[in-house]
Structure formats: C-alpha cells, structure tokens
There are 2 protein chains.
Amino acid sequence: MTQKQEQLSKNQQIVLSIIEKAKGPLKAYSILYNVQKRGIKAPLQVYRALEKLIEIGKIHKIESKNAFIACKNSDCEISKATAFSICNNCEHVKEIKNTKLSKYLSNFEDNSGMKYKKYNLEFFGLCKDCKLKQ
Amino acid sequence: MTQKQEQLSKNQQIVLSIIEKAKGPLKAYSILYNVQKRGIKAPLQVYRALEKLIEIGKIHKIESKNAFIACKNSDCEISKATAFSICNNCEHVKEIKNTKLSKYLSNFEDNSGMKYKKYNLEFFGLCKDCKLKQ
DNA sequence: ATAACAAACGTTATATTATAACAAATTAAG
DNA sequence: CTTAATTTGTTATAATATAACGTTTGTTAT
Ligand SMILES: [Zn+2]
Ligand SMILES: [Zn+2]
Ligand SMILES: [Zn+2]
Ligand SMILES: [Zn+2]
C-alpha cells in the first residue's frame, strides 16, 4: 500500500513549528536564529526545509517581504492560488480566504493564449487597527 | 508656474533606457553591468534610480524574480495596480492589461475591514510558444 | 543674484537573502 | 539485504539590497 509521503522530516518539522507559532511572517535568518538551539546550524538547512514546506503547501512565501507564513487555508494545499493582505503600517499579513476571488482568478484568461496554473496576489493597505490610529 | 518635476535625472534616464530596451525583466546587477560604460559604478546608484522609477510608475518590480520591467500600461502610472503573466519555462514576463481584472481587484473587499490601496498579482503558467514545444 | 532647502550623486563598507558543491546519514521500496 | 531516493551536515560563496557620509546639483522664494 504505497502510502503517500506525508511525514515531515526532523528539520522540516522544526522549521514548520516555528512558523506556525509565529504571529506573522518570518524571515529565513530569523527562523535560523530561532532553531539554532534545536540543532539547525546553517542557512541551507532552513532553506531546504522551507522549499519542501512550500512545495507541499504548508507554508507560503510573501514575495514582497521575503518572508514565510503558515498556510491557514486548506484550499491552497498545493500553493497554486494564494492571496494575502498586507498592512503597510504594522506589516500585519493575513492570508485571504475568499472563494469568489479564488474562483475568479483561477479561471482568469486573457487574450495571450496562456492558461495560468498558479497565481500569487498581494494586497496592500492599512489594517483596521492602523486605520483607527491614523 | 510650479511645473511638476517630470524630468528624470541622468542616472534615472540611463537606468530607464536600459530597462525599456530589454525584452524581459532585468536584475539590478545586470543593469549595473550594462550601465558601467555610462559612468554608473555602484549598486546603490542603480537601486536609487530603480526606487524612483518605481515610485513614478515607469517600471515595476517582478517580486518573484527580483527583477525590473518597464511599464507598458499607462493605467498603472502610480504602480498601484499591477498584474503580470510569467512563463515558468522561458521566463517570459508580460504585464497584463485587462480592465475587468483591474476593476475587480481595485474594488475588492473582504470581511477584514481593510480597504486596499494597492495590489500586485503574478500569474504563472506556460506561454503559448512553450506550450507548443511541450 | 543669493540664500535656503530638497533631491540626486558618489563612494565605501556592510547587511541580508539565497545557493553551489560534496560527502555522509537516513529512509523507503523491491 | 540491496538499491535508490531523500535528507542531512558543512563550508564556502553568490546574489540582492541598504547604511552612512559628505558633496553636488536643482528649485524656490526673497
Ligand atoms: Zn494557504
Ligand atoms: Zn496595521
Ligand atoms: Zn504598468
Ligand atoms: Zn515560455
């Protein structure tokens, strides 16, 4: 019974747990600093774990910040359809779960003859808290 | 007659002209290499020009590639609403001009209480040429 | 014209983000 | 067990980006 590899390796588990505990996105070298007490010593060990975690959809990369956040949305398990809201003031980041949006974008076609298999969308603005403080 | 500063500085002109001539997005250090014969010697000179050009909407940054591309779309002069299609095979990048899409996204609201002022969207897939060659 | 201010420049050094290369250890499958 | 594939550990280095500082140039108002 060829059971699909769902088990994460030790380093992958360590890195994932740090990211899942975090309130916001973490940068690779901040993750490294956080896991050094657990035996991970080199950047590459972190980047390799990140690569795998992204591949299986457990985390996403916030491209505009070079930072990594846990997926809270079982809909994008394969990291093919991601959308985030990012506060320009407090840098708060949230994954957007919106079926209409994801359907709209997943089905989007233009006149280029290109069929899109994946997208990443980042919205920027002021979060509720920061809007009040202005 | 307080005429709005629309004149680009020397370095900004040099960097912009390189980016406009290019077929695809250029990386900062590749731009640097290209402009060294024109007197620009240091990365910071390039990055400062890039920053300004982005600010005034002449170019955009392709976040997933850390590369810069000229704006072909007068609709996003202020770089507040950008969308690109990116070929996973040949890395061809094209700015998407689609009024429906940009209206949909500019007006998008979710239940977060956040009003978005800016977005960046990157689609990935195979371009027409690469699809044929598969 | 000239003083005052803002924007752009030049330069050196350094910070931050990410990957190459290689060998050893671990895990999954036949 | 054997073989193949994945993961690991390690060192070194590549690629991307900014800090800090002083100078020069361009704009604006008197
Ligand atoms: Zn997700
Ligand atoms: Zn905020
Ligand atoms: Zn544009
Ligand atoms: Zn292509």
Side-chain angles (χ1 to χ4, degrees), chain A residues 1-19 22 24-69 91 93 120 122, chain B residues 1-19 22 24-69 91 93 120 122:
Chain A
M1 192 176 72
T2 358
Q3 101 177 346
K4 206 168 159 191
Q5 146 95 5
E6 273 304 335
Q7 192 77 342
L8 296 176
S9 78
K10 181 172 65 92
N11 287 358
Q12 289 158 10
Q13 282 172 9
I14 293 172
V15 169
L16 178 57
S17 77
I18 295 288
I19 296 177
L26 291 180
K27 303 215 150 204
Y29 277 72
S30 136
I31 294 169
L32 175 59
Y33 177 81
N34 273 284
V35 298
Q36 278 178 332
K37 61 197 72 155
R38 294 223 243 162
I40 294 181
K41 285 170 190 158
L44 197 40
Q45 296 175 288
V46 172
Y47 280 104
R48 285 198 281 227
L50 290 172
E51 183 182 29
K52 182 68 176 194
L53 292 169
I54 289 171
E55 190 188 316
I56 63 176
K58 292 284 188 187
I59 66 172
H60 304 301
K61 182 174 185 182
I62 308 299
E63 294 285 356
S64 64
K65 293 192 171 304
N66 298 316
F68 304 87
I69 193 172
E91 312 234 311
V93 174
N120 179 55
E122 298 182 3
Chain B
M1 194 174 75
T2 358
Q3 101 178 345
K4 207 167 159 191
Q5 147 95 7
E6 274 304 337
Q7 190 79 339
L8 295 176
S9 77
K10 181 172 65 95
N11 287 357
Q12 290 159 12
Q13 282 172 10
I14 294 172
V15 169
L16 179 57
S17 77
I18 296 288
I19 297 177
L26 292 179
K27 303 216 151 203
Y29 277 72
S30 138
I31 294 169
L32 176 58
Y33 177 81
N34 273 285
V35 297
Q36 278 177 334
K37 61 197 72 156
R38 294 224 244 161
I40 294 181
K41 286 169 190 158
L44 196 41
Q45 296 175 286
V46 172
Y47 280 104
R48 285 198 281 225
L50 290 173
E51 184 182 28
K52 182 66 176 197
L53 293 169
I54 289 173
E55 191 188 315
I56 63 176
K58 292 284 188 187
I59 66 171
H60 304 300
K61 181 174 186 182
I62 308 297
E63 294 285 357
S64 63
K65 294 194 169 302
N66 297 317
F68 304 87
I69 194 172
E91 313 234 313
V93 174
N120 179 54
E122 298 182 4

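So that the names make sense, note that chain A is the first sequence line, chain B the second, and so on, each numbered from 1.
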>> Please enumerate all residues that pass side chain to side chain contact (heavy atoms under 4.5 Å, CB included) together with B:Y29, with sequence neighbours excluded.
In response: B:L32, B:P43, B:Y47
So does [X] get a side-chain nitrogen or oxygen closer than 4.0 Å to the phosphate oxygens (OP1/OP2) of [N]?
X	N	value
A:N66	C:dT16	no
A:K65	D:dA17	no
B:K52	C:dA7	no
B:Y47	D:dT18	no
A:S9	D:dT8	yes
B:N11	C:dG10	yes

[atom1] of [X] versus [atom2] of [N]: gap in Å, rounded?
X	N	atom1	atom2	result
A:L8	D:dT8	CG	C1'	15 Å
B:L26	D:dA15	CG	C1'	16 Å
A:Q12	D:dG9	CD	P	11 Å
B:L53	C:dA7	CG	C1'	14 Å
A:I31	C:dT17	CD1	P	11 Å
B:L16	C:dA8	CG	C1'	16 Å
B:L50	C:dA8	CG	P	14 Å

> At how many degrees, to 10°, do the end axes of the helix from C:dA1-D:dT30 to C:dG30-D:dC1 meet when each uses five pairs?
Replying inline: 50°
> Side-chain donor-acceptor pair under 3.5 Å between A:S9 and A:R48, yes or no?
Replying inline: no
>> Using heavy-atom distances to pick each residue's nearest nucleotide on DNA chain C, tell me which of A:K27 and A:R48 is more 5'.
In response: A:K27
> Pick from A:L53, A:L50, A:L26: which one makes a side-chain contact (heavy atoms from CB on, under 4.5 Å) with A:F68?
Replying inline: A:L50
Measuring from atom [atom1] of [X] to atom [atom2] of [Y], what distance do you get when rounded to the nearest 0.5 angstrom?
X	Y	atom1	atom2	result
A:K58	A:I19	NZ	CD1	12.0 Å
B:Q12	B:E55	CD	CD	9.0 Å
B:I40	B:I14	CD1	CD1	4.5 Å

> Looking at residues 32-45 of chain A, who's got a heavy atom less than 4.0 Å off DNA chain C?
Replying inline: A:L44
>> Checking A:E91 now: which residues fulfil salt bridge (charged side-chain N to carboxylate O under 4.0 Å, His left out) with it, not counting sequence neighbours?
In response: A:K65
> Which listed nucleotide (D:dT8, C:dA18, C:dA8) is nearest to the side chain of A:K10?
Replying inline: D:dT8
> Under the side chain to side chain donor-acceptor pair (under 3.5 Å) test, which residues partner A:S30, sequence neighbours left out?
Replying inline: none
>> Heavy-atom count check: over 12 atoms from other residues, nucleotides or ligands less than 6.0 Å from A:Q36 CD?
In response: yes
> Do B:Y29 and D:dA17 have a side chain to base donor-acceptor pair shorter than 3.5 Å?
Replying inline: yes
>> Quick check against the 3.5 Å criterion: does A:E122 have a side-chain atom that pairs as donor or acceptor with the backbone of B:N120?
In response: no
